[in-house]
Structures are given as structure tokens and as C-alpha cells.
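Here is the naming used below: chain letters follow the sequence lines, and residue numbers restart at 1 for every chain. Heavy atoms only: backbone and side chains are in, while hydrogens, waters and symmetry mates are out.
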Amino acid sequence: MRWKGDVAIITGRYLSADESTIMELWSRARNGQSVLLRVHGVRPWFEITPHGRWKDGENHPNLPETYEEITEVRGPEMKWTYLGEKPVWKVFVKQPFMVPKIRQELSGKWTILSGDIPFVNRFFLDGDLSMHVTVDGEVCESEHPVDVCIDISMDEVKHCEPFPAPFKIFSFDLETSIAHDTILCAAAVIEDMGTGERERHTFSEDEQTILENLTKLVRETDPDIITGYNIDNFDMGRILDRANFVSGNDKEKKIRTLGWGRVSTDEQGRRRDTLFPTRGTSRAWNMAGRCVMDAWWQARQALRPQRETLKFVSTLLFPESEDMQKMDVDASKMDEEWKNRPEEVIEYCLRDAELPLDIMHKIQAFRRKEAVAAVAKVSLDTSANGTTSQLIDSLVIRMADRTGIGVPLTGSAERKEGQIEGGYVHDVEAGLHRWVAILDFKSMYPSIMIGKNICYTTRIDDMLSDAFSPEDYEKSPTGAKFCHDGIRRGMVPKLLEDLMSQRDVHKAGMRNASDEAQRSYHDQMQYAVKILMNSFYGVFASGFYRFTHRQLGESITAWARQNIKTIIQKLGDEGQHVVYSDTDSIFVKTPVDGVTDPRQAMIEFGHSTAERFSEKSAELEFETGMSVFFSHGAKKRYVGQVVWPEEKMMIKGYETQRTDSFRYLTEGMKNIFKHVLADDSEAAINLAIETISAVKKGDVPVRDLIMSKSCKGRWDRKRAKWDFSQDYANPDAMIQVRAARAIIDKGLPFTPGMKIAYIVTNAKNRPMEIKPWLEEDPVAEYDGQFYADRLATAFGRVTEAFDWSAKELLAGNRQTSLFSF
DNA sequence: CAGGTATCCTAC
DNA sequence: TAAGGTAGGATACCTG
């Protein structure tokens, strides 16, 4: 029997059979079924080429045909490398896991190419496939817990236009004993994104039964994605630990308590690894067939919230929700709560299993990752949990394979020493400036890469410059040479151009969409394309990417600096006033002498200036027009009243933007800025003084003084405690570490990397005394002098422009300064 | 109390 | 031993 249809690939692995290698790809079909694709006929290989430059007729080392693991050596084929065209042999091996060893043994005589690409990637690379594919294969028996399993070959898979897959999501939460680390209860909410239906389950039996029932539920409901709040660092690890503990050496029991992977429980040996969730050294968890997405991680990336607790993020996203107003269980007294009111704890647990689902939908985490997967042509798991370089690899390697370019190993190039020089930041003039037009370069770094044909494959190495004449290439301001596209068109410029036009297609799709679903789809896709385009520069300027060289990054930024400095110079020569500039933007004052409508004049000036200085592949755009711009004179810190294209206040860099600040400061500063922009410095100063005086007197709710900083740290297995000394030179000198320690001492969970909230209670002592902020047990007192000083410093920087120092603000009058003269 | 170091977070 | 970049402001702590 055949099965035909469109599927979205979640993740994959390979299996070594006797004479072949099988790829297993787990997917969710458009029709809602979970489908396991067993791909046959793909053989593992890598490539070899002699070291150094190649001269025709030269001898090469003996081909490695005697190795038992090698089944065939094919070639040679001439391929491009940074040392010129070279003969490349394709070496087939019996199994993918044999590659590292052989690679190692051959590396003395041969340069290895394509030798570090995970085997499953070959599906996407060789077939030029993406996350969404159409398959037509023979249904086969499978012991794995899926709806359908089919056997296919690569020619039974075709590209499919992306579609919103009806994922099944499993969101869960555990409540655990502080005294014994045991699991007290658990809850899970399973959502079918196809129908929108949810089912809810709670578990409150003995620990082993809870683990078994959770595992059973995972296997029965067959989810594609596992989520929950902070599961990466807490719940997944706890499940692993407790399942191992209750199972001891009983393998069957371990399978019943921990067998979450989408594979048969009868798997033997190595294959069984993926039945159990694992987390190597990476951030993300791995298990066969499913993708683990932590709602905390997604929310922090999408929202950059001031604090990162589930309650804070939920209230931020759902301020109206009644659920959040309900009395909470005190997590710091969980054992007591569990003993006294288990029903409430279970209800609380269920709520905390459901909220992550709501959060993930609100920030559109699933659809965004799916769109990135579609654009970068990777699986959902790679999109959700992979690195930026894996996304870029996916596009670049498939192009290299199709255009005869050798793929070097990651780490094969010389490591970049020191930093490369970055963008140019112009000094900002302190004070108020009126009618300022902001001109921006459109996609500056991608445009330069396209325009100057910058790529690993177009760079002319000094060793090869004898083979080129000066008209073959362009020299960057740093002296690096990149050949013209007539000689060789770079892969990166080509890919970026393709992405740019893809984005245009989706933007048009958005405009022409007939319904919201279609508009949203195109929006997700255009956004994913934008993200990906902007990732190129960073990856190619990094020190360890396989297709990079420090000249690439250096040249891109050098050309960027040259472009922007030239324009600033020209504007200055014309008598225009450049107020500020950062990397790809120029802030210019509109000449308004004798003008009746300055706003209109600014719009016209903005457009005409942008047009005058635009060049091919260095296109300037008039993005924003401000009636007033203010800065106290520090780069990357300014505020403006935007009047075009819309009315809004724009603040950059200042404390209002910072998540390690506190609400009372950010709100106060915003209001001060309003007065400043309204040209009412007196009101600004009065407000500053009042605000400072109120906090000093202790009149401010402590809740408005919560500060928050992220805290690193790692679990020390041997000593069974959190270790901060790996991440901090002097851990006790760090406020957030002291706050984290206080939380840990209370028996509350600590998540490395998560922001820790605290109140300063006494800054006279050094290091200053702080108390962690816990919703269940709010801090009552604060150090008024400390907060007053902090406000005065921040406000003072602004009011200094109107001749009021921080000291004067604190004193509430100008007497101090008068006397000091 | 000035100056140096470590760290956080932001703008681009 | 895992991996997009640099420029920049600001704070807390420590030292002499």
C-alpha cells in the first residue's frame, strides 16, 4: 500500500543497517497524521584533495582504497578551493559514524572536504529539500509509535510549498519537593494545532507512577513538540534524574518512566539512546522524533522582558487574565503546601502547564520557527534549537555542492585573532536639535556583500594573486581583493540576492492576501527571510565558520565606514549639520530658515537628501523624521519626537530601554523626556526633583524599585551545588550572584542565564545588601538614599544639559552650586 | 575618592 | 569543545 501526501519534518536520525544506512525522519502530515519517513539509498561520503596548491600533472598521494570502512573512491572531479582548482575524490564509507576516524587518519596526506556534515543533513542538501516535502512511498510495518511509516527513496520526495503544519504540542509542568527533590505532582496539556483542541491531564500518584503515566501519555498522544516553562534547565533534567533514580538498574522500568522518544521501546544498543531524552553539552534537549522548545527561552528572545518568571511573562502578555490574579501557591514552601492543600497545588501545576502554550502562541513561536526552517531549508528542530551557522550552512553548502566548490571543515581555517574593526559611530552633539531627518542605508551589510561580490569564493588569496590582473578584482579599503562577478560570482552575493527577491515576493503576498491566514503566512516568511539575511554578516565575520576569512568581515565593515564617512563629509562640505551617525544611519538637521512648514520641509529634505546620496548597492532611505532630538552627548543614547511617518516618542539606549533598570526610574525618565522634548526644561527639572525626593522619603511602592540582572552559573555535579566561579572572576562581588544564592538557599529553583530580581536594602555596606524579590514574599523596605542617588545620576545626565547637576537635583535646589563658587 | 576591572545590556 | 559580529555606556566593586 502507498501513502502520499505533504509532510513537515520535525527532526531525524540515521540507523546503520548491515549493508546500508537508513535515515529516519519524523514528520507531521498536512492531514494531521504523524508520518515516519524511512529514506533508503543515501550513502555516507566525504571528499579528499591533496594539500596545498595543485599543478597539472602533479602526483597525488595513494588513494585510500585499503581501508575496511571505505567502500568506494570515486573521481577525481575538479573543484574550487581557496588555493585554486584542485582534484577532489569522493570517498564512500560504510556508515556515517566511521567518518571521524578515517578523516583523522587521512588528514596527514589529504585535505578533507565535506567531512563534518551530519548525515541526516544530506536529505535536505542532496535533495535540495526544505522542512515541507511531498512524499509518495510504500507503507511499511513499524514498531515505532507513529500513525504511518513509509519506505522511500530520494526520488520519491519532492519539494512542497510551505504550509502551516498541524503540530501536536505537549506542554507540561512538575511540582517538586524542596526537601527531597522528588516529583510531587505533574500536569500536561496537549494541543492539536490542526483543530485547536486541547486535552488536560494531571498526575498525583506516587513518583514512579507519575513518571510512568507521563511517559505513557507522551507515547499515546504522539506530540511533535514538547514545551513548558524553563523545561530545558529544570523539568527535563528532573524527569531524567528521578526516572534514573526510581529505575536503578531495571532497564524495563527506565523505559516505562523515561521512554519519551518517538521510537519503539524494543530498541537495542546504540539505537536506544534516542528513546531517552539527552542533553549533551548543548542548551537544547534531544530525543528521537520530537523537538523540545522551552517557552522561557522563546519568550525571553521574543519579548526581552524585564523579569523572566512565568508569572511576569504571563501578566505581560495577558494582563486581563483572571487566572493570574488567583492566589498563588507558595513555591518556596512547596512541601508544606502539598501537604496542606494538594488540590490547589495540582490546579496550580495544571495552570503552569497550560500557560506556556498560550505564551508560545502569543509570540507565534511555532510558526516563526517553521518559517525560518522553510527559508533556511532545515528541519523544525534545527530551526528551533540549532545555531545561526547551521542555517547558513544549509544554504551555502547546498550551493557549493551544485557549483563545484569544495566544502572545508569547520575549524580548518586559520583562527581569527583579535577583533575586526566594526561600524563607525559619529560623536553626538549634546542638547536639543530641531527637525532632524534620519537617513538609513537599506540592508547595509548584505548590500555591500552583493555589490562588492564579497564571498569566501571570490576572495583572492595572496598566494594566488599572480594568477589575477588588477582589472579582475576590486580592492577593499583594507587591501583585500575580491574578484569581479564576471570572473566568478560569489555564493553569498547570489544567495543574498535570492533572499532579497524572496522577501519582495512575500511582501507583495502580504499586500495581496485575501485573508488573514494568508497575510500572516507571508508576514512570517518575509520576517524569516529578513532574519536570515541579517545573519550572514555575523557568521562570515566570525572566527570559526567554515567559509570565512577575516578579510571578509574586515572588508565589509571597511566599505561601510567608507560609505558613511564619505556622505557625512559631503554633507558637511555642503554646510549641512550632521547631528549623529551610527553604522548605517545619518541624522541630519533640516535647514528651516524662512520655512513656513518645517515638518513638510523635513520630509522633502529627507527624501531628496537620501536620493542624492544613494548609489547602486548603497541605497539611502529617509526612514524617520523628528521635530526634536535630544542627547546628553553620549553615543547610542538619544530621544526624539518622531513626526514622520508617524507620531511617537523614540528613546534609544537610555535607562528606559534597559531591562536591568527599575520601573520607577524608567517611568520617571520617560516623563522627564516628555518635558524636555516639549522644550519645558523647568518642568523636567521639577519633576526630577520631586521624583527623587519621593523615593528618598520612602514613599514609593517597593514593587516599582525591583531591579533585575541575568545570572550565569553551572551545576557542579561532584559537589552537588551551584558553581559561579567558572563564570565570574569574583562571584561574591556580583549583585545577581548574591541574589541567586539567596534564592537557592530558600530551596527555590535557579536557572543559569535567567534574570534575578532584587531590591537594594542597604547600600552603605560594601558590597551592598540586597534581597531577592519573590512574588510570594515581597520585600518591605528599601534603601531610599541608594535609589535617590541612582535616580539623580540618571536624571542628572539629562538635566545637566540645562545646567542642573545630579547633586543639585538631590538637594532639591541650586544652593549647593551657588555656595560652591 | 580616582582609576581600573569585570560585567551587563543595548544600538547597530 | 561551542560557536553570528563590533561599538559603546554605565554600574558595582576593589585597590591604593
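- In this structure, A:K416 atom NZ and C:dG5 atom P are separated by 6 Å, rounded to whole Å.
- A:G538 comes within contact range of at least one nucleobase, with a heavy-atom separation under 4.0 Å.
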Report summary line: With sugar-phosphate taken as primed atoms, P, OP1 and OP2 and all else as base, the protein-contact string of nucleotides 5-12 of chain B at under 4.0 Å (heavy atoms; B, S, -) is -SSBBSBS
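- Taking for each of A:D732 and A:F544 the nucleotide of DNA chain C with the nearest heavy atom, the 5'-most of the two is the partner of A:F544.
- With a 6.0 Å radius and a threshold of 12 heavy atoms from other residues, nucleotides or ligands, A:Q726 has its CD atom above the threshold.
- A donor-acceptor pair under 3.5 Å links the side-chain atoms of A:R561 to the main chain of A:G422, judged by distance alone.
- Rounding to the nearest 0.5 Å places OH of A:Y580 at 7.5 Å from CZ of A:F629.
- Using P as the reference atom, C:dG4 and C:dG8 are 24 Å apart when rounded to the nearest Å.
- Listed candidates were C:dA7, C:dG9, C:dT11. Nearest to the side chain of A:A634 is C:dG9.
- Side-chain N or O atoms of A:S383 include one that pairs as donor or acceptor with a backbone N or O of A:K369 at under 3.5 Å.
- Using a 4.0 Å heavy-atom distance criterion, A:R550 is classed as making no nucleic acid contact.
- Separating the CD atom of A:E554 from the P atom of C:dG4 is a distance of 20 Å, rounded to the nearest angstrom.
- Contact annotation: A:T281 reaches the phosphate of C:dA2 (side-chain N/O to OP1 or OP2, under 4.0 Å).
- Between the side chains of A:R797 and A:T793, no donor-acceptor pair of N or O atoms lies under 3.5 Å.
- Within residues 449-459 of chain A, no residue is approached by DNA chain C to less than 4.0 Å at the level of any non-hydrogen atom.
- In this structure a side-chain-to-backbone donor-acceptor pair under 3.5 Å is missing from A:R415 to A:G543.
- Less than 6.0 angstrom separates the ring centroid of A:F724 from the ring centroid of A:F750.
- Note on A:F441: nothing from the nucleic acid sits closer than 4.0 angstrom, heavy atoms only.
- For DNA chain C, the neighbouring residues in residues 377-398 of chain A, judged by any heavy atom under 4.0 Å, are A:T387, A:T388, A:S389.
- In this structure, CZ on A:F786 lies 10.5 Å from OG1 on A:T761, to the nearest 0.5 angstrom.
- The side chain of A:P767 lies closest to C:dC14, out of C:dG9, C:dC14, C:dG5.
- Per the geometry, CD belonging to A:E417 stands 14 Å off P belonging to C:dT6, to the nearest Å.
- The backbone N or O of A:M754 sits nowhere less than 3.5 Å from a side-chain atom of A:E308 that would complete a donor-acceptor pair.
- At least one side-chain nitrogen or oxygen of A:R797 sits closer than 4.0 Å to the OP1 or OP2 atom of C:dA10.
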Report task. Report the secondary structure of DNA chain C in dot-bracket form, marking unpaired bases with a dot and bases paired to a different strand with |, and treating Watson-Crick or G-U pairs with both distances under 3.5 Å as paired. Result -> ....||||||||||||
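- Among residues two or more places apart in sequence or in another chain, the salt bridge (Lys or Arg N to Asp or Glu O under 4.0 Å) test is passed with A:R368 by none.
- If you measure from atom CZ of A:R546 to atom C1' of C:dA2, you get 14 Å, rounded to the nearest angstrom.
- Contacts of A:R561 with the nucleic acid, taken as non-hydrogen atoms under 4.0 Å apart, are absent.
- Note: CG (A:N765) to P (C:dC13) measures 11 Å, nearest angstrom.
- Checked against the 6.0 Å centroid criterion, the rings of A:F795 and A:W804 do not qualify as a close aromatic pair.
- Among residues two or more places apart in sequence or in another chain, the salt bridge (Lys or Arg N to Asp or Glu O under 4.0 Å) test is passed with A:D116 by A:R546.
- Protein atom CZ of A:R790 is 6 Å distant from nucleotide atom P of C:dT11, rounded to whole Å.
- Within the 4.0 angstrom heavy-atom criterion, no nucleotide atom of any strand lies near A:H426.
- Rounded to a whole Å, the OH atom of A:Y787 is 14 Å from the C1' atom of C:dT11.
- Distance CD1 (A:I770) to P (C:dT11): 18 Å, rounded to an integer number of Å.
- A donor-acceptor contact shorter than 3.5 Å links the side chain of A:S394 to the backbone of A:A376.
- Side chain of A:Y654 to main chain of A:K670: no donor-acceptor pair is present (N/O by atom type, distance under 3.5 Å, no hydrogens or angles).
- At least one donor-acceptor pair closer than 3.5 Å links the side chain of A:T557 to the backbone N or O of A:G553.
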